[in-house]
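Small disclaimer: the values here were computed from a predicted structure and weren't measured. Numbers restart at 1 for each chain; the letters A, B, ... are given by sequence-line order, proteins then strands. Scope of the values below: all heavy atoms of this structure, side chains included, with no hydrogens, waters or symmetry mates.
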2 protein chains.
Amino acid sequence: MSPAHARDPRGSDSVRSQRIAGILRDEILAGDLTPGTWLRQDELAARLGASRIPVREALRILESEGLTESFPNRGARVPVLSLEDVNTYYRMRERLEPLTLTESLSRLTDQHLARLERIQDEIENQSDINRFLLLDRDFHMTSYSACPSGHLLAMTERLWNSTQHYRRAFMVLADPDRATIVNAEHRLILDAVRRRDPEDCERYLTGHIRRTRVELTAHPELFVDSDDASGRPGLLSGRAGFRRGG
Amino acid sequence: MSPAHARDPRGSDSVRSQRIAGILRDEILAGDLTPGTWLRQDELAARLGASRIPVREALRILESEGLTESFPNRGARVPVLSLEDVNTYYRMRERLEPLTLTESLSRLTDQHLARLERIQDEIENQSDINRFLLLDRDFHMTSYSACPSGHLLAMTERLWNSTQHYRRAFMVLADPDRATIVNAEHRLILDAVRRRDPEDCERYLTGHIRRTRVELTAHPELFVDSDDASGRPGLLSGRAGFRRGG
DNA sequence: TGCCACAGGATTGGATCCAATAACAAGACT
DNA sequence: AGTCTTGTTATTGGATCCAATCCTGTGGCA
């Protein structure tokens with residue numbers, strides 16, 4: 001029979017808190033839960049069919065991934081990032097991800113290369129924003145996937161997750177022919193990977209991230225008006241108008 | 001009166017789980033809890049005078065800081081790092097910390113500079129290992145302390161915390177005149193900071209971390225024999241011989 | 001009118017109890 | 001004798017209840 005551990009050897013999402021964390025992670029990355037949204041334990045417990053205990057655990061798990069932040073006696077919310085925050089995250093990416101890529105580089109198989117090519121082909125042959133976000137992430141993560149260090153990979157993923165929302169917000173108002181540049185950069189990275197050239201990998205990946213940062217942070221309107229970036233629930237943030245519904 | 005929030009405006013350790021996390025954090029960083037040690041919720045709850053709930057929260061908090069790792073249905077332990085893990089952490093530090101320093105650089109005050117000088121003076125005038133570990137950490141953290149990005153600072157601290165135990169283990173068998181090199185490096189960093197020279201700051205800090213990495217990873221005996229690096233409690237790890245005590 | 005004290009409701013934090021899972025040991029079958 | 005099965009115990013995961021804290025609105029007072 002082997003009831004559970006055969007289907008799930010890691011036991012990772014047979015635990016309720018992990019399942020809940022997974023659901024919330026998807027909702028945050030998909031943009032359903034936007035920065036500033038307060039995550040009420042009661043509400044989540046009711047919505048996801050569990051008690052508040054696994055919800056609390058899930059919020060801690062997400063916090064360790066940078067997807068939520070919590071304040072004592074006040075609750076958890078999706079972090080609101082300032083322009084400076086995102087700028088810093090991107091500078092961190094510029095430094096770290098070239099390392100992730102070069103660590104992965106020598107271990108990438110031909111299957112990986114084929115997959116990278118396939119992903120980039122699809123990126124160039126469609127125009128849906130959400131699809132692009134998924135494919136772009138997939139492109140880079142695939143190039144990192146042979147990195148032997150789980151710590152470095154986790155850190156890289158964390159930096160991606162933390163800035164995901166602002167990437168999406170940026171896409172909706174981006175210059176249409178921006179895609180041309182992105183594709184050129186991706187092609188250069190792909191070529192450097194194929195040649196197993198760590199130096200060029202670093203060069204083009206750093207440039208790719210840096211140019212994105214410069215473009216992204218040229219749009220201050222993507223970020224909060226700096227009036228309610230504090231950690232307090234406040235009057236109008238979150239689910240205002242919902243309490244005392246009658 | 002103002003009973004609690006006057007002493008603790010952030011409310012950070014008026015919460016039991018935060019207090020417990022703080023105690024455990026200190027014990028791990030001080031070396032009382034070594035890598036591989038399993039952290040049993042019952043035991044910690046009894047020892048720290050609380051129920052298991054805040055202990056669970058504390059373990060999650062520490063996990064988000066890289067100080068513990070937990071396995072579903074199996075518990076939490078202080079992570080056991082391989083030589084490759086530590087090597088990777090140091091490579092991450094080589095990339096990230098120069099950024100932390102240059103971000104901090106222009107905002108460092110004369111008080112900061114005086115403090116750095118004082119710390120380095122004390123480093124050169126004592127020989128206790130644990131004292132050195134504290135002072136060395138304090139030296140670098142002080143140089144980072146004006147960094148405006150809390151995210152970058154937290155990441156930097158996390159990398160330090162994760163490798164703390166192996167730094168200590170290294171110190172006990174380090175070449176005595178190693179201190180000469182460390183002091184020279186610190187003096188060069190300090191001078192570059194005083195001159196507000198970001199380029200030299202990066203150069204000497206990167207070199208400092210890199211040389212330490214090379215020296216540290218030249219001692220494989222500091223790391224596990226690769227026989228019990230798995231995540232399972234096993235027979236002899238942890239509190240073996242304690243169960244069924246009579 | 002403006003500010004401070006105070007009470008009510010909402011939300012999170014913690015304790016206790018129970019269920020589920022995993023490690024371990026002894027026994028049955030081949 | 002060895003391996004698989006099964007039962008026991010220790011440990012973690014989850015639910016419910018209660019306490020502590022915070023937000024908000026109201027009323028008193030200068």
Side-chain angles (χ1 to χ4, degrees), chain A residues 1-21 38-46 48-61 63 68 70-77 230-246, chain B residues 1-6 8-21 38-46 48-61 63 68 70-77 230-245:
Chain A
M1 293 296 177
S2 58
H5 62 275
R7 185 185 53 82
D8 186 50
R10 294 287 306 278
S12 50
D13 70 326
S14 72
V15 180
R16 248 185 163 83
S17 59
Q18 307 261 358
R19 264 178 42 83
I20 293 175
W38 285 91
L39 304 171
R40 299 280 151 71
Q41 298 177 4
D42 264 329
E43 178 189 345
L44 296 176
L48 302 173
S51 87
R52 278 172 45 221
I53 295 284
V55 170
R56 268 149 75 171
E57 291 277 308
L59 291 176
R60 287 290 184 199
I61 292 172
E63 188 179 4
T68 65
S70 51
F71 306 90
N73 285 312
R74 227 163 289 169
R77 68 170 184 179
S230 72
R232 288 166 317 175
L235 291 85
L236 296 176
S237 61
R239 293 156 55 249
F242 182 69
R243 57 183 69 179
R244 294 192 52 79
Chain B
M1 294 294 177
S2 58
H5 62 275
D8 185 50
R10 293 288 306 278
S12 50
D13 70 328
S14 72
V15 180
R16 248 180 162 76
S17 59
Q18 307 261 357
R19 265 180 42 83
I20 293 175
W38 286 90
L39 304 171
R40 299 283 150 76
Q41 299 178 2
D42 262 327
E43 177 188 347
L44 295 176
L48 302 174
S51 86
R52 278 172 44 221
I53 295 283
V55 171
R56 267 150 75 172
E57 291 277 308
L59 291 175
R60 288 289 184 199
I61 292 172
E63 188 178 3
T68 65
S70 51
F71 307 88
N73 284 311
R74 227 164 289 171
R77 68 170 185 179
S230 72
R232 286 164 319 172
L235 290 86
L236 296 176
S237 62
R239 294 154 57 246
F242 182 70
R243 58 185 65 179
R244 294 192 55 80

Between C1' on D/dT12 and CG on B/Leu59, what's the gap in Å once rounded to a whole number? 11 Å
I need the A/Arg40 CZ to A/Leu59 CG distance, nearest 0.5 Å. 12.0 Å
Here the salt bridge (Lys or Arg N to Asp or Glu O under 4.0 Å) pairs for residues 48-58 of chain B, sequence neighbours left out, are A/Arg60-B/Glu57
Would you kindly give the CZ-to-C1' distance between A/Arg77 and C/dT12, to the nearest whole Å? 16 Å
Which whole-number value in Å describes the distance from B/Asn73 CG to C/dT21 C1'? 5 Å
From CD1 of A/Ile61 across to C1' of D/dG13 the rounded distance in Å is 12 Å
Just the atom pairs and distances: protein N or O near nucleotides 14-17 of chain C's N or O, under 3.5 Å.
residue : atom : partner : partner atom : Å
C/dG14  : OP1  : B/Arg16 : N            : 2.6
C/dG14  : OP1  : B/Ser17 : N            : 3.2
C/dG14  : N7   : A/Arg56 : NH1          : 3.3
C/dG14  : N7   : A/Arg56 : NH2          : 3.1
C/dA15  : OP1  : B/Arg16 : NE           : 3.3
C/dA15  : OP2  : B/Ser51 : N            : 2.9
C/dA15  : OP2  : B/Ser51 : OG           : 2.8

Separation between CG of A/Leu39 and CZ of A/Arg77, rounded to the nearest 0.5 Å: 10.5 Å
Once side chain to side chain contact (heavy atoms under 4.5 Å, CB included) is applied, do any residues pair with B/Ala21, and if so which ones, sequence neighbours excluded? B/Arg25, B/Ala58, B/Ile61, B/Leu62
So B/Leu39, base contact, sugar-phosphate only, or nothing? Heavy-atom distance under 4.0 Å. sugar-phosphate
Looking at D/dG13, I'd like to know if its phosphate oxygens (OP1 or OP2) sit under 4.0 Å from a side-chain N or O belonging to B/Gln41. yes
How far apart are the closest heavy atoms of B/Val15 and A/Pro72, and which atoms are they? CG2-CB, 3.7 Å
How sharply is the helix from C/dT1-D/dA30 to C/dT30-D/dA1 bent, taking the axes over five pairs at either end and rounding to 10 degrees? 20°
Out of A/Arg19, A/Arg16, A/Gln18, which one pairs with A/Pro54 under the side-chain contact (heavy atoms from CB on, under 4.5 Å) rule? A/Arg16
Look at the side chain of A/Arg74 and decide which nucleotide, out of C/dT11, D/dT12, D/dC22, has an atom nearest to it. D/dC22
Could you state the atom-to-atom distance from CZ of B/Phe71 to P of C/dA23 in whole Å? 11 Å
Please name the pair of heavy atoms, one in B/Trp38 and one in B/Arg74, separated by the smallest distance, quoted to 0.1 Å. CZ3-O, 3.6 Å
